[in-house]
There are 2 protein chains.
Amino acid sequence: MSTPSQSSGEVPVRSKRADAVRNQQTLLAAAAAVFVTSGVDAPIREIAAKAGVGMGTIYRHFPTRADLVVAVYRHQVEACAEAGPALLAGTDSPFAALRQWVGLFVDFLVTKHGLANALQSDSSGFEALHTYFLDRLVPVCTRLLDAAVEAGEIRPCTQAYELMRGIGNLCVGRDSDPRYDPRRLVELLLQGLRRPDVDAGKR
Amino acid sequence: MSTPSQSSGEVPVRSKRADAVRNQQTLLAAAAAVFVTSGVDAPIREIAAKAGVGMGTIYRHFPTRADLVVAVYRHQVEACAEAGPALLAGTDSPFAALRQWVGLFVDFLVTKHGLANALQSDSSGFEALHTYFLDRLVPVCTRLLDAAVEAGEIRPCTQAYELMRGIGNLCVGRDSDPRYDPRRLVELLLQGLRRPDVDAGKR
DNA sequence: TGACAAAGCGGAACACTGCTCCGTATCGTT
DNA sequence: AACGATACGGAGCAGTGTTCCGCTTTGTCA
């Protein structure tokens with residue numbers, strides 16, 4: 001409040017040194033650039049070199065690779081999360097909103113080389129990434145899903161967590177073959193969600 | 001020709017040395033064991049150690065990791081491939097056959113620690129794995145799909161290749177969270193395949 | 001301004017893994 | 001038994017993640 005401290009501790013927290021914040025910014029920019037060309041699992045050394053800092057620095061600012069990835073993409077994830085309620089408000093078909101929102105998410109994943117792979121990877125250093133994405137987006141997805149169920153557009157059995165992971169999984173390895181288009185399969189998944197009133201009342 | 005040769009070449013192919021075939025068997029057994037405990041991307045050294053051979057030997061018999069994985073699981077993949085036509089013949093609903101067959105495939109993938117991950121990985125040494133699985137199973141899946149389309153149970157837009165990859169993707173990372181069950185999502189995908197007789201004008 | 005402690009930095013060093021290469025051992029044949 | 005072909009073993013190189021500690025920079029206080 002009065003003193004420049006952002007945490008709840010009462011110790012006098014000295015604000016970060018100027019070179020530290022500078023380096024953090026530099027690192028974020030460098031990482032973003034490297035991610036584009038070499039994917040999110042580019043060698044740490046490469047990112048450090050691009051930023052012109054030593055490896056100790058990168059590990060100090062971002063202890064795990066996931067921390068760095070999250071920091072780089074945080075804005076886009078936030079934007080995606082915030083788009084959820086907006087889409088829901090902008091239409092009278094919650095299912096259509098869900099579909100649009102999922103489209104946003106897929107676009108995001110698909111345009112980040114290797115991000116989907118990393119997201120599902122169980123290798124060390126990526127759990128936090130997984131956690132952040134899910135913590136932020138699952139609630140949004142839940143709202144959309146609930147709304148669609150309430151509107152009677154889909155059947156109620158699916159959990160948002162599972163759906164999100166499924167969608168993420170479908171986006172893995174998009175670049176390996178032009179015949180594979182995650183979007184088509186995600187659309188299929190969403191269709192599978194629909195309440196089958198057609199064939200129920202097929203009579 | 002007269003000499004024991006199994007390939008089409010006419011050079012006198014001497015049969016493999018006894019220790020070589022012995023080692024190959026030992027390696028397969030060791031690899032199978034290690035895959036169970038450490039996953040299909042266990043260190044090559046570990047497999048070599050388990051088999052009691054040097055690393056040169058393992059690379060000579062199985063130049064890439066995919067070759068080893070394929071050799072270990074070949075029988076199961078073959079069994080899965082052969083089950084396709086059988087299932088189709090055993091029912092009058094091709095879609096039901098497809099569903100059962102997909103179930104077999106999912107069971108196979110899901111019980112092999114990390115296999116699904118490897119299958120989709122674009123990392124070096126796994127392309128051949130990808131290729132083998134797909135070459136062997138896509139034709140089977142195509143037949144099932146075609147039959148279901150012909151029977152009017154599903155709509156015709158989906159390619160077997162894409163479906164297989166989608167299913168494989170959905171099986172990635174099953175162990176990371178008990179809330180994630182690939183089977184449910186695969187079922188959803190299959191439901192999405194169904195012909196919605198709404199838009200089917202021929203009714 | 002100058003001195004000093006804390007904060008931050010750099011990169012050498014270690015561990016682990018994939019993969020190659022070649023001297024040596026083994027096998028099968030004559 | 002001898003000998004050439006075949007196969008083996010593992011040292012060694014290269015790439016990467018991660019740690020650790022001596023050195024530099026920064027902010028503060030007299």
Side-chain angles (χ1 to χ4, degrees), chain A residues 3-7 11-28 30-31 34-35 38-69 114 117-118 121-129, chain B residues 2-5 11-28 30-31 34-35 38-69 114 118 121-129:
Chain A
T3 55
S5 91
Q6 69 275 28
S7 95
V11 284
V13 185
R14 178 142 54 182
S15 63
K16 272 217 282 218
R17 259 170 56 172
D19 54 349
V21 298
R22 206 165 44 225
N23 271 327
Q24 179 143 350
Q25 291 311 101
T26 310
L27 270 173
L28 276 174
V34 171
F35 286 172
S38 307
V40 294
D41 38 31
I44 297 286
R45 277 174 176 79
E46 188 179 339
I47 301 169
K50 180 91 177 183
V53 305
M55 307 208 332
T57 303
I58 205 167
Y59 275 101
R60 192 168 319 102
H61 286 287
F62 306 100
T64 78
R65 182 182 228 97
D67 294 319
L68 182 54
V69 178
N117 300 62
S121 160
D122 54 352
S123 67
S124 70
F126 277 124
E127 311 79 19
L129 179 62
Chain B
S2 52
T3 54
S5 86
V11 284
V13 185
R14 177 141 55 181
S15 62
K16 270 217 285 222
R17 255 169 60 172
D19 55 348
V21 298
R22 207 167 42 226
N23 271 327
Q24 178 143 352
Q25 290 311 102
T26 309
L27 271 173
L28 276 174
V34 171
F35 285 172
S38 308
V40 294
D41 39 30
I44 297 287
R45 278 175 175 81
E46 188 179 339
I47 301 169
K50 179 93 178 184
V53 304
M55 304 207 337
T57 303
I58 205 168
Y59 276 102
R60 193 167 319 102
H61 286 287
F62 306 100
T64 77
R65 181 184 229 93
D67 294 319
L68 182 54
V69 177
S121 160
D122 54 352
S123 67
S124 69
F126 276 124
E127 311 79 20
L129 179 63

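Just so we're on the same page: letters track the sequence lines, and every chain starts at 1. Bear in mind that the values here come from a model prediction, so they are computed numbers and not experimental data. For the numbers below, each heavy atom of this structure counts, side chains included, while hydrogens, waters and symmetry mates do not.
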Nucleotide dA7(D), atom P - distance to CZ of Arg60(B) in whole Å: 8 Å
Minimum heavy-atom distance between Ala42(A) and Glu46(A), given as atom pair plus value: CB-OE1, 4.0 Å
Taking only side-chain nitrogens and oxygens of His61(B), does any of them come within less than 4.0 Å of OP1 or OP2 of dA7(D)? no
From CD1 of Ile47(A) across to P of dG10(C) the rounded distance in Å is 15 Å
Stepwise, does the side-chain hydrogen bond (donor to acceptor under 3.5 Å, both in side chains) test hold for Asn23(A) with Thr26(A)? CA-CA 5 Å; Asn23(A) 271 327; Thr26(A) 310; 4.7 Å; no
Just to verify, what does Ile58(B) make a side-chain contact (heavy atoms from CB on, under 4.5 Å) with, not counting sequence neighbours? Leu27(B), Ile44(B), Ile47(B), Leu68(B)
Starting at atom CD1 of Ile44(B), determine the distance to atom C1' of dT20(C), rounded to an integer number of angstrom. 13 Å
Below the 4.0 Å mark, does dG17(D) have OP1 or OP2 next to a side-chain nitrogen or oxygen of Arg65(A)? yes
Atom CD1 of Ile58(B) to atom P of dC8(D): distance rounded to whole Å? 12 Å
Side chain to side chain, Tyr59(A) and Asp67(A), heavy atoms closer than 4.5 Å: no
Nearest atoms (heavy-atom pairs only) where Ala66(B) meets Phe126(B): CB-CA, 4.1 Å
Here's a test for you: under side-chain hydrogen bond (donor to acceptor under 3.5 Å, both in side chains), which of Arg17(A), Lys16(A), Arg22(A) qualifies with Asp19(A)? Arg17(A)
Nearest heavy-atom pair of Pro43(B) and Arg65(B): which atoms, and what distance? N-NH2, 4.0 Å
Is there a donor and acceptor pair, one atom on the side chain of Arg45(A) and one on the base of dG17(D), closer than 3.5 Å? yes
Separation of dA7(D) P from Leu27(B) CG (nearest whole Å): 14 Å
Estimate the overall bend of the helix from dT1(C)-dA30(D) to dT30(C)-dA1(D) from the end axes over five pairs each, rounded to 10 degrees. 20°
Would you say dG9(D) has OP1 or OP2 under 4.0 Å from some side-chain N or O of Thr57(B)? yes
B/S/- contact track for nucleotides 24-30 of chain C, protein heavy atom under 4.0 Å: --BSSS-
If you check every side-chain atom of Met55(B), which of dC9(C), dG11(C), dT20(C) has the closest atom? dT20(C)
Verify the contact: side-chain N or O of Asn23(B) to OP1 or OP2 of dA7(D), cut-off strictly under 4.0 Å; return yes or no. no
